[in-house]
Q: 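The structure is given below, and queries will be raised subsequently.
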2 protein chains.
Amino acid sequence: MGVPALSPKDQRGFRGSADASSAGFDAVDLKLLELVQTEGRITLSELGRRVSMSPAAVGERIRRLEANGTITGYTARVSPERLGYGIQAFVRLSPHGGITLCHFRTQELIHRPEILEVHHVIGEDCWILKIAVRNTGHLEELLEQLSSLGRTTTSIVLSSPVERSILLPPAP
Amino acid sequence: MGVPALSPKDQRGFRGSADASSAGFDAVDLKLLELVQTEGRITLSELGRRVSMSPAAVGERIRRLEANGTITGYTARVSPERLGYGIQAFVRLSPHGGITLCHFRTQELIHRPEILEVHHVIGEDCWILKIAVRNTGHLEELLEQLSSLGRTTTSIVLSSPVERSILLPPAP
DNA sequence: AGTGAAAGCGTAGACCT
DNA sequence: AGGTCTACGCTTTCACT
């Protein structure tokens, strides 16, 4: 998945530089990005108060951040434990010859709700999956199915000391 | 990080069963959980329309889902590419003897904004990190620092065919 | 690009079924 | 537990700067 092409009008924010890393966001944008990431349901009026602007003005800025693909959506965070998923794990998978992401057996599997993430990676193993399962029995069942696709290596998550909820541009 | 203890009043929704996997959510709760995960800024009035209830009633249900820890917060999703992070990667790290998560050098590192996630896992390697970096130079710099903590194995993300934005209780 | 005012909804509390 | 009513606050638009 690449970066979507910029339409001319959305290039407005970008400085002439070829380096995208510090491109196009002023201090207010950064503050807004921080605020909407930490408080997804914050009102435009409240955003306005926090950055000392009118609700209409921050509304326009947010609209632009959405339109140019910087803000891709809003979501509620839910607790996997509360939903009945007692175990989370990473599974690295080296697919057998002939197994690809398009393969129908792969498609069936990766659409299961327990499969939270599938990343196609370069390196020792080809795919990295993040999964959530009810218990060890459920884990066993899922791994059995996954092992038909390739050799799996499983790492059960004990704790997640960092799960950054906010992402800001890198320091230059 | 375990499941937080339930206060008596929050147990209301739970059926008598010892199995937490199907506990306490009726069809309306499930629909609400789906909706707030896909449209984090949806209004209570709109939620009410979608589930055929009054805004006040869904407001009360949402409040309960928040209070008992099922909904843990709301956030905007942002595009790492748009923010200037061209590369995402998983780094597996086997810490050297004496290096722990509490170690000051570890703490310094994991608070860097490029470190998106740190998971403590059981299995072949002890920690799994998810990172976002500007470019290969930035990656090299970060890996150099990480390698002082332990042996690293890096998998660069080519694409992420699944990044589930919504999580619902497992099928029973 | 930001402000201010006005119309139209959405929210939250009290009260009722 | 859900519905109704109402006062207040928020969003959105538009003319103006």
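Proteins get letters first, then strands, A, B, ... in listed order; numbering begins at 1 in each. Atom set for the values below is all heavy atoms of this structure, side chains included, hydrogens, waters and symmetry mates excluded.
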Q: When you get a sec, tell me which of D:dT13, C:dG10, D:dA1 is the closest nucleotide to the side chain of B:T43?
A: C:dG10
Q: To the nearest Å, how far apart are A:D26 CG and C:dA1 P?
A: 10 Å
Q: Within this structure, what is the CZ-to-C1' distance between B:R63 and D:dA1, rounded to whole angstrom?
A: 12 Å
Q: Do A:V118 and A:L101 come within less than 4.5 Å of each other through their side chains, counting heavy atoms only?
A: yes
Q: Show your reasoning for whether side-chain hydrogen bond (donor to acceptor under 3.5 Å, both in side chains) applies to B:H138 and B:E114.
A: CA-CA 10 Å; B:H138 189 187; B:E114 302 98 317; 2.8 Å; yes
Q: Counting only heavy atoms not in B:I122, do more than 12 fall under 6.0 Å of its CD1?
A: no
Q: Do any of residues 44-54 of chain B sit with a heavy atom less than 4.0 Å from DNA chain D, and if so which?
A: B:M53, B:S54
Q: So what is the end-to-end bend of the helix from C:dA1-D:dT17 to C:dT17-D:dA1, with 5 pairs used at each end and the value given to 10 degrees?
A: 30°
Q: Just do the salt bridge (Lys or Arg N to Asp or Glu O under 4.0 Å) check on B:E66 and B:R63 with the steps written out, would you?
A: CA-CA 5 Å; B:E66 291 167 357; B:R63 202 200 54 73; over 6 Å; no
Q: Suppose we screen for salt bridge (charged side-chain N to carboxylate O under 4.0 Å, His left out). Which residues come up paired with B:R41, at least two apart in sequence or across chains?
A: none
Q: Enumerate the salt bridge (charged side-chain N to carboxylate O under 4.0 Å, His left out) contacts for residues 142-158 of chain A, please, sequence neighbours excluded, ordered by first and then second residue.
A: none
Q: Counting only side-chain heavy atoms from C-beta out, which of C:dG4, C:dG2, D:dG2 sits nearest to B:R61?
A: D:dG2
Q: Report the residue (A:R41 or A:E60) whose heavy-atom-nearest nucleotide on DNA chain C is the more 5′ of the two.
A: A:E60
Q: At 4.0 Å (heavy atoms only), tell me whether B:A57 reaches a base, stays on the sugar-phosphate, or touches nothing.
A: sugar-phosphate
Q: Excluding sequence neighbours, so at least two apart, what forms salt bridge (charged side-chain N to carboxylate O under 4.0 Å, His left out) with B:R105?
A: none
Q: Who pairs with B:E39 by side-chain hydrogen bond (donor to acceptor under 3.5 Å, both in side chains), at least two apart in sequence or on another chain?
A: B:R50
